[in-house]
Participant: 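The structure's right below; bear with me while I get my questions together.
All of these numbers come straight from a predicted model, not from anything done at the bench. Just so we're on the same page: letters track the sequence lines, and every chain starts at 1.
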Amino acid sequence: MRIQWPTVFLLALIALFSGAVAADEDIQYVVIADPFIDLHTGPGVGYPVTHVVERGEEIGVIKRRTDWFLVRGPRGKEGWASREQMELTLQPSGLSVEFPDVTLGAYREHRWELGMMAGDFGGATAYTAYGAYGFSKHLAVELNASQILGNFSDGWSAAINLTHTFVPEWRVSPFFSLGTGIIKIEPKSVLAQTEDRSDQVAIVGVGLKGYLSRRFLLRLEYKGYVVLSSRNDNEDVDEWKAGFAIFF
Amino acid sequence: MESRIRYIFLALAGSAIVFSAPVWSQDGTDAPPQVIEPNVERRDLDVAAIDTEDFELTGFVGIMSVEDFETNAVYGVRLAYHINSALFLEAAVGRTEVGDSTAEGIIGNPFFTDRNLTYYDASLGWNILPGESFFGERRSFNSVFYLIGGIGNTDFADDNNFTINFGFGFKFLPTDYLAVRIEARDYLFDTELNGVDKTLNNMQGTINLSWFF
């Protein structure tokens, strides 16, 4: 039996659209309180306004993308309205609508951070991805993984850090970190016979963390690495990095 | 046999359309009231319950020219987070297979065995020209021209290379949750593959299908 691809496609399409219709049942409604609101074709000021909805009319809120809302007006016309205009609508109870924004307040209360940074690791380029969980406003545990790209060798490192934020109430606050991990260095094959090495590292760092906007924070840091190598002497490496994170 | 199966599928499809139609028409009659107080009790707005679609998952295929290593098919995935209507962050992974370089062609044997090139990057995109595009006289789509650039890593010839990328793209939105993107991007990295340090300039053209969630 040959598979009828056009039929399969048609069925998939129907499934897709009937799914969208089923989801519409939990639409919520608000009433326009301003003289009118503009409905754009897309989520942004650059998209043209194709309809307006007048005061007293009801709109259904279908979905949100960034600060724009896809709404369905009377006569079934759909369009995107800005948050500023949506805040001038009334709920069925007559109260005005508020869309709580993620602000500095939420930043001060946040527990989780997911971020990435890039910078210099002892003369090589390095990227880091990290995740952090805060036990309290001051204290957090952090896991990170880095890739190091140098001229003569490449490497990986993974570490666990404990960070202490000095003044979490401030928009920009200094922090201090202490950690340990492993580092793996792979010399490039062009060079003479060398072998891969994995070593334990001890890390101490200082940095600045600041609230940017919405769910974003900016981070700058310096870390000092002590590579506890199996050779006679330990090796010190300086690392400078900048990056950002999403918090929630 | 084949045509019977086709009829069964068509009948299924037909009945699905017939049954889903009343749902659509219900929306139409539900919408324009407010002259009379509606019987249904409206609950107050629960902002957290509004479906938020700030993420965009994309699959892509295209062609990539790896400098001096021929042009081949490239494929990969991207995940974007929309910060606001103008800016988005996007992480991407892509892979292509490279051909023979000129020197390898002359010598007759390859310099390295792993012929895959894999890159990943994190980039910032800017929706610089949003608007509508018209297709014929009757159809219009939302569309946007965007600029994108970022940093990442390219794993090529048993070596990792710090990579800068930049480019531009055009995005069509046939529905509010699907998009088709056509993108051109350049990936730049330094390599010492032939013993000489040089910058490789790798152009990539892709067709992307995106889903917002």
Side-chain angles (χ1 to χ4, degrees), chain A residues 1-2 4 7-8 10-11 14-15 17-18 20-24 26 28-31 41-48 56-58 60-70 72-76 91-93 95 97-100 116 118 125 127 147 149 151 154 188-190 214 216 246, chain B residues 1-2 5-6 9-10 12-13 16-17 19-20 23-24 27-28 30-34 38 41-54 81-86 89 91 122 127 129-132 140 142-144 151-153 158-162 173 175-177 192 195 197 212:
Chain A
M1 186 189 115
R2 261 180 57 223
Q4 299 288 317
T7 325
V8 171
L10 188 69
L11 284 172
I14 290 165
F17 283 107
S18 54
V21 170
D24 281 2
D26 43 58
Q28 306 187 74
Y29 291 86
V30 290
V31 177
T41 61
V45 278
Y47 295 100
E57 289 185 312
E58 197 177 49
V61 186
I62 300 166
K63 68 170 80 162
R64 174 179 190 166
R65 183 166 307 152
T66 68
D67 273 347
W68 289 77
F69 294 82
L70 178 63
R72 182 179 297 142
R75 299 171 293 281
Q91 305 188 60
S93 65
L95 294 171
V97 179
E98 276 174 38
F99 296 99
M116 58 165 303
T125 308
Y127 323 99
Q147 187 175 18
L149 306 174
N151 286 334
D154 291 339
K188 292 199 177 175
S189 46
V190 198
R214 283 168 60 90
F216 290 89
I246 302 171
Chain B
M1 181 64 194
E2 198 178 291
I5 287 162
R6 190 184 298 165
F9 272 119
L10 276 176
L12 271 174
I17 290 167
F19 286 114
S20 51
V23 182
W24 280 322
D27 281 349
D30 194 23
Q34 260 353 65
E41 197 177 312
R42 298 280 196 228
R43 282 166 294 124
D44 267 0
L45 192 72
D46 179 4
V47 177
I50 299 172
D51 178 24
T52 306
E53 294 185 351
D54 287 342
Y81 174 74
H82 290 263
I83 302 168
N84 55 35
S85 59
L89 290 169
N127 293 321
L129 295 170
E132 273 192 313
S140 68
N142 281 336
S143 63
V144 57
I151 56 165
N153 174 50
D158 307 317
D159 195 8
N160 288 300
N161 305 280
F162 174 68
L173 295 114
T175 73
D176 51 64
Y177 59 91
E192 285 180 15
D197 195 357
F212 288 89

Participant: Out of B/Ser143, B/Gly152, B/Ala86, return the one with the most heavy atom pairs under 4.5 angstrom to chain A.
Facilitator: B/Gly152
Participant: So does B/Asp176 get a backbone contact from the side chain of A/Arg65, meaning a donor-acceptor N/O pair under 3.5 Å?
Facilitator: yes
Participant: Heavy atoms only: give me the nearest B/Ser85-A/Pro43 pair and the separation to one decimal.
Facilitator: CB-O, 3.3 Å
Participant: Where on B/Ser140 is there a heavy atom nearer than 4.5 Å to chain A: the side chain, the backbone, both, or neither?
Facilitator: neither
Participant: Can you check whether B/Phe212 reaches A/Lys63 side chain to side chain, under 4.5 Å on heavy atoms?
Facilitator: no
Participant: Of the non-hydrogen atoms in B/Asn142 and A/Thr41, which two are nearest, and what is the gap between them?
Facilitator: ND2-O, 2.6 Å
Participant: Just so I understand: if I count every heavy-atom pair under 4.5 Å between each of B/Leu129, B/Leu173, B/Ile151, B/Asn84 and chain A, which residue has the most?
Facilitator: B/Asn84
Participant: With only heavy atoms counted, which part of B/Asn153 is less than 4.5 Å from chain A, the side chain, the backbone, both or neither?
Facilitator: both
Participant: If every non-hydrogen atom of A/Gln28 is compared with every non-hydrogen atom of B/Ile50, which pair is closest and at what distance?
Facilitator: NE2-CG1, 3.9 Å
Participant: Report the distance from atom OG1 of A/Thr66 to atom CD1 of B/Ile83, rounding to the nearest 0.5 Å.
Facilitator: 10.5 Å
Participant: So A/Ile62 and B/Asp51, side-chain contact (heavy atoms from CB on, under 4.5 Å) or not? Walk me through it.
Facilitator: CA-CA 7 Å; A/Ile62 300 166; B/Asp51 178 24; over 6 Å; no
Participant: Can you tell which of A/Leu70, A/Val45, A/Thr125, A/Val30 has the highest number of heavy-atom pairs within less than 4.5 Å of chain B?
Facilitator: A/Thr125
